Amino acid sequence: MKSEPKPPFREQHQQRPGLERNLDPQPRWRASRYRSAGKLEGKVALITGGDSGIGRAVAFLFAREGADVAINYLPEEQPDADEIRRAIEALGRRCLLLAGDLQRPSVPAQLIERTISEFGRLDILVPNAAYQTRKDSAAEVTDAELDRTFRTNVYSYYRLVRAALPHLKPGAAIIATSSVTGIFGSKQLPDYSGTKGAINAFSKALSMELSERGIRVNVVAPGPVWTPLNPADAGLPPDKVARFGEQSPLGRPAQPEELAPAYVFLASDADSSYITGIVLPVMGGDTTGG
Ligand code: NAD
Ligand code: MG
């Protein structure tokens, strides 16, 4: 744990959505100390935002546990997507790359259909893509911005679930990515925090409906993680990026490889068959009530 990189980092900024290959230091996603145990053998997962950051680390660990993986990302992120595909194929697993903008209402259903036609099944759905831009005030959130944040983070999740439900069998799992901001709120991210609260409540409601079908629905709520998301946030200046995660009790951001095992845990029936409807904090020491 102590060997993971600590701030200050180099001052840096990227155009949204950002590329993992341009981050310094490079995020750690291979989880070299993790030992796999075939927990997801024969399963198929679809991960949005799987090209980089947390989604990439999850895709890689799912593949190491025996799953084939479909990944959605934006066309600008092709180099990142190619890199994780190569890494997954080197494990002898299959990786289906599906570029497409989740803001478009038709895209989520297309992702599900392409996954089914390629792999013949879907066992694990990970709605993980997100959009965020920091503001100085909630008054700056225009209708267009509110639409963009909610369409990307919330509407796409609903639409993925609607399209996936006919295909999910008992033993399937949905694991959404929320955030510490969905629990505590964040002054600079009012719209984004709202989407993360919505993800938490929607997931709990869905878990109630799907428990009788043997499908579990859970959420992971990360604290700060070293990924392209924040360096590519137009509202976060390069000197703040250099100090990203410093305020966390552990004094540093998480690396993506420190998030991915939580998704394996929630995806694996051997590990979490009695767990549904939870929001699992992976927040580096920030505690919650209850
Ligand atoms: P990331 O930039 O690597 O991943 C986000 C992904 O979202 C991008 O790779 C992109 O493919 C996808 N995306 C964004 N807009 C899209 C669109 N319109 N259509 C399709 N895909 C789109 O960053 P990350 O930090 O790994 O983010 C993954 C999840 O983790 C997000 O839900 C984010 O809110 C959450 N999260 C991140 C942090 C953090 O500090 N990095 C903290 C809490 C929660
Ligand atoms: Mg990306």
Side-chain angles (χ1 to χ4, degrees), residues 14-23 26-29 46-59 71-84 97-108 110-111 126-134 147-157 159-160 175-184 186 189 191-200 219-233 236 240-241 244-245 247-248 252-260 262-263 279-284 286:
Q14 294 191 38
Q15 285 293 104
R16 201 177 39 243
L19 284 179
E20 178 143 342
R21 49 149 57 174
N22 294 339
L23 282 178
Q26 281 286 286
R28 297 186 185 180
W29 52 274
L46 168 63
I47 303 169
T48 64
D51 58 298
S52 58
I54 297 168
R56 175 192 285 196
V58 172
I71 283 171
N72 165 247
Y73 53 97
L74 288 164
E76 308 94 283
E77 299 174 299
Q78 192 64 43
D80 276 353
D82 287 337
E83 183 164 352
I84 180 60
L97 295 188
L98 301 170
D101 187 340
L102 283 172
Q103 289 189 77
R104 290 177 41 209
S106 56
V107 165
Q110 287 166 4
L111 300 179
V126 182
N128 166 75
Y131 164 77
Q132 69 165 54
T133 297
R134 285 176 173 76
D147 270 354
R148 181 175 190 161
T149 314
F150 272 80
R151 277 205 313 264
T152 310
N153 303 4
V154 178
Y155 278 50
S156 68
Y157 180 13
R159 289 171 176 148
L160 281 165
I175 306 147
T177 304
S178 177
S179 166
V180 57
T181 65
I183 297 171
F184 294 120
S186 164
L189 291 166
D191 47 341
Y192 174 86
S193 301
T195 65
K196 295 304 188 178
I199 286 167
N200 295 350
V219 176
V220 175
V225 190
W226 186 244
T227 74
L229 190 74
N230 286 284
D233 179 331
L236 195 67
K240 293 261 176 61
V241 174
F244 183 69
Q247 300 303 317
S248 159
R252 62 172 179 86
Q255 293 296 318
E257 66 183 13
E258 297 179 282
L259 270 295
Y263 292 76
V279 177
L280 177 63
V282 184
M283 301 192 326
D286 276 322

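Quick note: residue numbers are just sequence positions, from 1. Counting starts at 1 for both ligands and their atoms, following the listed order. Just so it is clear, the model here is predicted, and its values are computed rather than measured. Computation of the quantities below employed the complete heavy-atom set of this structure, encompassing side-chain atoms and omitting hydrogens, waters and symmetry-equivalent molecules.
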Notebook entry, point to check: What does the list of residues with a heavy atom under 4.0 Å from ligand 1 look like, ordered by chain and number?
Noted result: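 These residues qualify: Gly49, Asp51, Ser52, Gly53, Ile54, Asn72, Tyr73, Leu74, Glu77, Gly100, Asp101, Leu102, Gln103, Asn128, Ala129, Ala130, Thr152, Thr177, Ser178, Ser179, Tyr192, Lys196, Pro222, Gly223, Pro224, Val225, Thr227, Pro228, Leu229, Asn230, Phe244.
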
Check: Salt bridge check: are Arg252 and Glu258 linked by an N-O gap of less than 4.0 Å?
Finding: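 Result for this pair is yes, salt bridge flagged.
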
Item checked: CA sep, side-chain torsions, deciding dist, call: Glu20, Arg56, salt bridge (Lys or Arg N to Asp or Glu O under 4.0 Å) -> CA-CA 10 Å; Glu20 178 143 342; Arg56 175 192 285 196; 3.6 Å; yes

Under a 3.5 Å cutoff, is there a donor and acceptor pairing between the side chains of [X] and [Y]?
| X | Y | value |
| --- | --- | --- |
| Thr133 | Arg148 | no |
| Gln132 | Asn230 | yes |
| Asn72 | Thr48 | no |

Item checked: Pairwise side-chain contact, Tyr263 with Ile47, heavy-atom cut-off 4.5 Å (strictly under) ->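 Result no, sub-4.5 Å side-chain heavy-atom pair not found.
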
Checklist line | Metal environment of the Mg ion (ligand 2), protein N/O/S under 2.8 Å | finding: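 Under 2.8 Å from the Mg ion (ligand 2) - ignoring waters, which are not counted - the protein N, O or S atoms are Asp51 OD2, Ser52 OG, Glu77 OE2.
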
Next item on the list: Please identify each residue that fulfils side-chain hydrogen bond (donor to acceptor under 3.5 Å, both in side chains) with Thr149, with sequence neighbours left out.
Entry: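 Only Asp191 meet the side-chain hydrogen bond (donor to acceptor under 3.5 Å, both in side chains) criterion with Thr149.
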
Next item on the list: Using the test side-chain hydrogen bond (donor to acceptor under 3.5 Å, both in side chains), find all partners of Gln78 that sit at least two apart in sequence or belong to another chain.
Entry: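 Testing Gln78 for side-chain hydrogen bond (donor to acceptor under 3.5 Å, both in side chains), a comparison that skips the adjacent residues, returns Tyr73, Asp82.
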
Item checked: Atom of Leu23, atom of Gln14 and distance for their closest heavy-atom approach ->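 Scanning both residues completely, I find the closest heavy atoms to be CD2-NE2, 3.5 Å.
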
